[in-house]
Amino acid sequence: SKNAKRLCSPFKPFLGETFHLNSINSKKKKEHKGIFYFSEKIKDSPMTIAEYCDSYQFKYESNLSIIENFNGIQYDIAIDGPCLLYLKKTKEYFRIRRNKIDISNILSDTPELRCLGDFKISNLNNGDVLTITFNKTTLEGKQPNDFLGDVESSGEIQYKIKGNFSEGMKILSSDDKNEIFSFNFP
């Protein structure tokens, strides 16, 4: 982006357009507490964006393909592509797989955002997998913002996750009997 005051990337960038964000103080590189982010639109159809981010705590790189479909009532967005996250303190690598997002009623005063499918984070060091499921059939009768999940280690479920984006979430033991952690979203 050629606009030095822009704090976020453009919604529909031109092919080859880049966005840079650098909050690292170049005089104090040893005290690296800022963030460096770079993205570039590398393909038009489907829109594909390459991203790279580096901070003192993590590195992130991704190649996002954004598939959009608008039928006059509902706007579907499918985000696909590899995403890698490296945590510098623990030296762990994670692969992230995103779920589908539906935005309906965008022409009204009350648009709705709904997530569908599985959101997965896999620890490439030890094989642990976090899966959060947004699925109409699994969550029938529940609120659209409800989600279920589990943390799997060595092929066995270690924890279960239940929540709602409007309220909060709970992490439970694998047998659903003990609450290990909970918090409310602001």
Side-chain angles (χ1 to χ4, degrees), residues 7-9 21 23-24 31-37 39 49 51-67 75-105 110-186:
L7 295 177
C8 62
S9 61
L21 174 68
S23 69
I24 299 170
E31 300 174 25
H32 177 358
K33 297 285 186 194
I35 190 167
F36 172 78
Y37 175 83
S39 67
I49 297 173
E51 298 178 298
Y52 176 79
C53 183
D54 188 4
S55 84
Y56 72 98
Q57 295 178 326
F58 67 88
K59 280 188 182 183
Y60 167 88
E61 54 189 73
S62 176
N63 199 2
L64 299 174
S65 292
I66 302 167
I67 300 150
Y75 184 59
D76 296 326
I77 302 172
I79 301 172
D80 196 17
C83 175
L84 290 173
L85 174 67
Y86 173 68
L87 300 180
K88 293 179 178 181
K89 187 175 183 178
T90 60
K91 298 182 180 170
E92 291 178 290
Y93 286 92
F94 296 88
R95 181 178 51 234
I96 301 169
R97 195 183 96 205
R98 298 165 185 89
N99 53 290
K100 181 181 174 187
I101 300 169
D102 284 336
I103 304 171
S104 56
N105 300 329
T110 57
E112 294 176 16
L113 178 86
R114 200 171 46 159
C115 298
L116 300 169
D118 289 342
F119 176 84
K120 283 192 175 198
I121 301 175
S122 303
N123 184 320
L124 301 179
N125 295 57
N126 63 19
D128 290 355
V129 179
L130 163 71
T131 304
I132 296 179
T133 301
F134 307 93
N135 187 317
K136 286 192 292 189
T137 56
T138 308
L139 303 172
E140 190 138 328
K142 307 248 181 179
Q143 297 295 321
N145 291 330
D146 285 355
F147 58 88
L148 300 172
D150 57 60
V151 177
E152 192 177 300
S153 181
S154 303
E156 291 187 26
I157 294 175
Q158 303 296 314
Y159 305 103
K160 291 188 177 182
I161 301 167
K162 294 181 180 181
N164 181 298
F165 283 125
S166 304
E167 298 165 13
M169 68 181 278
K170 294 179 182 180
I171 299 175
L172 307 165
S173 59
S174 61
D175 61 4
D176 269 348
K177 292 182 180 176
N178 299 320
E179 185 177 298
I180 299 179
F181 179 78
S182 69
F183 66 92
N184 294 327
F185 297 128

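FYI, the numbering just counts along the sequence from 1.
Counting all heavy atoms, side chain and backbone alike, Ser174 lies closest to Lys160 at O-CE, 3.2 Å.
Using a cut-off of 4.0 Å between Lys/Arg side-chain N and Asp/Glu carboxylate O, Lys162 and Asp176 are scored as salt-bridged.
Between the side chain of Ser62 and the backbone N or O of Glu51 there is no donor-acceptor pair closer than 3.5 Å. Looking at Asn125, its side chain does come within 3.5 Å of a backbone N or O of Lys91 through a donor-acceptor pair. A donor-acceptor pair is defined here as one N or O able to donate and one able to accept, closer than 3.5 Å; no such pair exists between the side chain of Ser153 and the backbone of Asp128.
Under the salt bridge (charged side-chain N to carboxylate O under 4.0 Å, His left out) criterion, Glu61 pairs with no residue at all, not counting sequence neighbours. Every residue two or more places apart in sequence or in another chain was checked for a side chain to side chain contact (heavy atoms under 4.5 Å, CB included) with Asn184, and none qualifies.
Glu92 and Tyr86 form no side-chain donor-acceptor contact under 3.5 Å, judged by distance and modelled atom types alone. Asp118 and Thr133 share a donor-acceptor pair across their side chains, judged by distance under 3.5 Å alone.
Residue Tyr60 qualifies as enclosed at atom OH: its count of foreign heavy atoms under 6.0 Å is above 12.
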Side chain to side chain contact (heavy atoms under 4.5 Å, CB included) for Phe36 and Tyr52? Distances and angles first, verdict last.
CA-CA 8 Å; Phe36 172 78; Tyr52 176 79; 4.1 Å; yes
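Between Phe181 and Phe183, the distance separating the two ring centers is shorter than 6.0 angstrom.
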